[in-house]
Amino acid sequence: MDKALNQLSVPLGQLREEVMSLKSCVSEGIQAIDDRMTKQEDIRRKKMCVLRLIHVIQSVEKIEKILHSQGTKELSSLEGNSSSSPLLTGQVLERIATEFNQLQFHAVQSKGMPLLDKVRPRIAGITAMLQQSLEGLLLEGLQTSNVDIIRHCLRTYATIDKTRDAEALVGQVLVKPYVDEVMVEQYVQSHPNGLQAMYNRLLEFVPHHCRLLREVTGGAISSEKADIVPGYDFLVNSVWPEIVRGLEEKLPSLFNPGNPDVFHEKYTTSMDFVRKFERQCGSQASVKRLRAHPSYHSFNNKWNLPVYFQIRFREIAGALEEALSDTLEEAPGGSSFCLLATHMVWTSLVKCWSDQMFLPLLAHRLWKLSLQILARYSVFISEVSVRPISSENTKESKKPVPVGRKESSLSLNPSEDQGNGSSTESLPLSSISSTQLIYVAADLDKLQDRIPDILDMIKPKLEMIGFKNMSCIAGALEDSKTSLSACVPTLNNRIIQDLSESSFAYLKSALEVPRLYRRTNKEVPTKASPYVDSALKPFHRLQNDYRDALKQPMIHQWLEGALSESTQKYYETVSDVLSSVKKMEESLKRLKQARRTATSNPVGTNGGMSDDNKIRLQLALDVEYFGEQIRKMGLETSSIKSFSALAELVLTAKDQATMEPS
């Protein structure tokens, strides 16, 4: 095995040397080829640079030759008044532009070459001459309304990638003089519809002066696709920037928000002009380009809407806070509300969404203000419902009370700074009359009923700006209504308590009945005491004086509540009187038995019914009359708490008085 291996090692070593030698030869060949290819690439690169420079030189010479020959033709055409000269000039410019485009391409590729720096002045001269020729040709086409010239010229501009220069030229030469002529601040300010008239004249510019440009560039409906020169939008890049420049320079007072009414009118008129101008653009793509244009944003940003809203806010908040003062004045004639405060709340809400104030970009702020107004009124109701009720008449209670208004003020400042309510803690609450309290409850009920009307006011305005989530708006208004409803129970209890106290102030006169009959020899009573009519006056006044301001269910609710409270107290009073009479009667009987004499019998002058029975009979008559009057008011005595017990109490006393012998 070893011998065989030794025999193989020698030829394998020779084979290895041969392979290594072959590898070395191949590597040398590859390196030689790489070096040669590198040289050839370098030569090719230099050749390309030379060719590009040759193309630059050839293009420059060719353009100069065309310009020279064209100059000679123009002289001869001027002498011969040839009518074909403009068209030839346009065609020549297109040839020059095509060659110039190639020249620009090769010049950019040859950047940094010394030879290019020598040729550059000639290129600059060609550029200036081409620009001057194009401008002159375009102006000639516009002045003579020659569509062919305009088409050739615009194609040439597009060929050399100078479309923006053409649009700028149109703006300076065609649009700017017209804008400067139309925009006269003195005319706009001195005429009632001066701004609208100015905008109408600006809108006339496009159909009258841009018709040919729009036909050539495809902006007009009648444009033929085969002859359209694409890449231009003169309305967006020529007309609109000049209009904005003119407005900013010639009418700086247009954007002044100092007078909110005038500002609103100017803004709405201007936005209407913008919408009409957009309709002239001819395509959605053109409108998108217009809205993305820097001058479009500049125009919109000139309108200081936040300042306008601040001024409107102060108007509404100031008038509202003044109305929510302590005086609680009545609403002006013709208002559906009773109090000025509620009238101003509703007026403020209506004003927020009126056409004279509403602006689409301020919809979110106006919505927030509407919720703030409702919240402020809710706080106002809560504060009014805890004020002490005065016994003065309504007119006297309308006099201002020297109490700071901060006590009931909820900050409506947009910055929501509410840190100014701590200095009024020691100030006493001003009083409120019964009439004012009833008016507050009536207005609160009416305002709650009109919450859906607020949604009807808001909905078309929000739909105008594309807002569709009306369930969110309805939910927020429902929350505001719930907040207002939370004030109702307290108000009802205060009114019921006031009515009850006013009534019982007379019903407690039942305590005086014994004094009227004891040892006075008065005749047997046949009718109710006058105090019952007096006690019923507050209820009659509620039914008669406020029937137009209040709903009948609300009146019945208050009557039932107040009558229940006053009847309960009346029952206790009558019960005490009858108990006292019974005790007195028993005491007299014991005295009579002790003396055994007839003189101790306390009877009337006619020797008939005793004084105690007269008292019982009078109380029975009073309660019966009281019940009759309750039924006349449209109420059932069964719904009045304690009345059945009171009626039973006096009925027993009456039976005792009529059955007892004289």
Side-chain angles (χ1 to χ4, degrees), residues 500-539 562-633 635-662:
S500 173
E501 290 176 355
S502 300
S503 175
F504 185 69
Y506 296 100
L507 288 177
K508 66 181 180 181
S509 297
L511 294 171
E512 302 295 324
V513 172
R515 183 179 61 81
L516 295 175
Y517 286 98
R518 202 174 297 284
R519 297 185 182 279
T520 58
N521 292 328
K522 289 191 69 172
E523 296 182 359
V524 176
T526 57
K527 61 180 181 178
S529 302
Y531 76 85
V532 180
D533 281 324
S534 299
L536 291 168
K537 281 182 180 179
F539 304 119
L563 284 168
S564 295
E565 285 191 14
S566 56
T567 301
Q568 173 63 31
K569 295 178 182 178
Y570 189 34
Y571 169 78
E572 295 171 358
T573 303
V574 172
S575 179
D576 290 343
V577 172
L578 292 176
S579 297
S580 175
V581 168
K582 186 175 181 181
K583 290 178 182 178
M584 179 64 74
E585 188 178 39
E586 291 176 352
S587 176
L588 290 174
K589 284 182 179 180
R590 287 195 298 270
L591 184 60
K592 179 181 178 182
Q593 291 174 358
R595 294 183 177 179
R596 303 287 181 178
T597 176
T599 58
S600 64
N601 185 23
V603 296
T605 55
N606 56 4
M609 185 179 290
S610 66
D611 292 345
D612 296 322
N613 288 334
K614 290 179 183 178
I615 295 170
R616 293 188 181 96
L617 183 58
Q618 182 64 66
L619 292 174
L621 291 172
D622 293 346
V623 172
E624 288 174 0
Y625 181 74
F626 188 63
E628 291 174 4
Q629 294 302 311
I630 290 176
R631 285 186 286 273
K632 285 183 179 180
M633 285 189 284
L635 302 174
E636 295 294 332
T637 54
S638 58
S639 62
I640 308 300
K641 297 177 182 178
S642 302
F643 186 82
S644 58
L646 175 62
E648 186 177 350
L649 178 67
V650 296
L651 181 60
T652 303
K654 181 179 180 182
D655 292 343
Q656 181 181 349
T658 55
M659 292 174 61
E660 187 173 304
S662 300

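Position 1 is the first residue of the sequence; numbering continues from there.
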If you measure from [atom1] on [X] to [atom2] on [Y], what distance do you get to the nearest 0.5 Å?
X: Ser579; Y: Lys582; atom1: OG; atom2: NZ; value: 8.0 Å
X: Leu507; Y: Ser500; atom1: CG; atom2: OG; value: 8.5 Å
X: Ser638; Y: Ile640; atom1: OG; atom2: CD1; value: 8.5 Å
X: Ile615; Y: Leu578; atom1: CD1; atom2: CG; value: 9.0 Å
X: Asp611; Y: Asn521; atom1: CG; atom2: CG; value: 7.0 Å
X: Leu646; Y: Glu572; atom1: CG; atom2: CD; value: 11.0 Å

- Task: Inspect the surroundings of CD in Glu648 and state if more than 12 heavy atoms from other residues, nucleotides or ligands are less than 6.0 Å away.
- Result: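 Atom CD in Glu648 is not packed in, count stays at 12 or less.
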- Query: Within a radius of less than 6.0 Å around CE of Met633, do more than 12 heavy atoms belonging to other residues, nucleotides or ligands occur?
  - Reply: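 Atom CE in Met633 is packed in, count exceeds 12.
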- Query: Under the 6.0 Å and 45° cation-pi test, does Lys614 pair with Tyr517?
  - Reply: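 Pair Lys614/Tyr517 does not count as cation-pi.
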Under 3.5 Å donor-acceptor, [X] side chain and [Y] backbone:
X: Thr573; Y: Lys508; answer: no
X: Ser642; Y: Gln568; answer: no
X: Ser587; Y: Lys583; answer: no
X: Ser580; Y: Asp576; answer: no
X: Gln618; Y: Lys527; answer: yes

- Task: Decide whether Ser610 and Asn613 meet the rule of one side-chain donor and one side-chain acceptor closer than 3.5 Å.
- Result: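 Ser610 vs Asn613: donor-acceptor pair found between side chains.
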- Message: Whether the Asp533 and Tyr506 side chains hold a donor-acceptor pair (N or O, under 3.5 Å, no angle test) is what I'd like checked.
- Response: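 Not at all, the side chains of Asp533 and Tyr506 share no donor-acceptor pair under 3.5 Å.
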- Query: Is the distance between the ring centroids of Phe643 and Tyr570 less than 6.0 Å?
  - Reply: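 Not close enough - the centres of the two rings lie 6.0 Å or further apart.
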Which heavy-atom pair separates [X] from [Y] by the least distance, and what is that distance?
X: Arg616; Y: Ala653; value: CD-O, 3.6 Å
X: Ala510; Y: Leu619; value: CB-CD2, 4.1 Å
X: Thr520; Y: Leu516; value: OG1-O, 2.7 Å
X: Ser503; Y: Ala535; value: OG-O, 3.0 Å
X: Leu621; Y: Ala528; value: O-CB, 3.9 Å
X: Phe539; Y: Ala562; value: CE2-CB, 3.5 Å

- Item | Intermediate values then yes/no, side-chain contact (heavy atoms from CB on, under 4.5 Å), Leu563 and Lys641 | CA-CA 8 Å; Leu563 284 168; Lys641 297 177 182 178; over 6 Å; no
So, are [X] and [Y] salt-bridged, with charged N and O less than 4.0 Å apart?
X: Arg590; Y: Glu585; value: no
X: Glu624; Y: Lys654; value: yes
X: Arg515; Y: Glu512; value: yes
X: Arg518; Y: Asp612; value: yes

- Task: In sequence, state the C-alpha distance, the side-chain angles, and the governing distance for Ser575 and Leu649, and then conclude on side-chain contact (heavy atoms from CB on, under 4.5 Å).
- Result: CA-CA 7 Å; Ser575 179; Leu649 178 67; 3.8 Å; yes
- Message: Quick one, Thr637 and Arg631 - any side-chain contact, counting heavy atoms below 4.5 Å?
- Response: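 Yes - at least one pair of side-chain heavy atoms lies under 4.5 Å apart.
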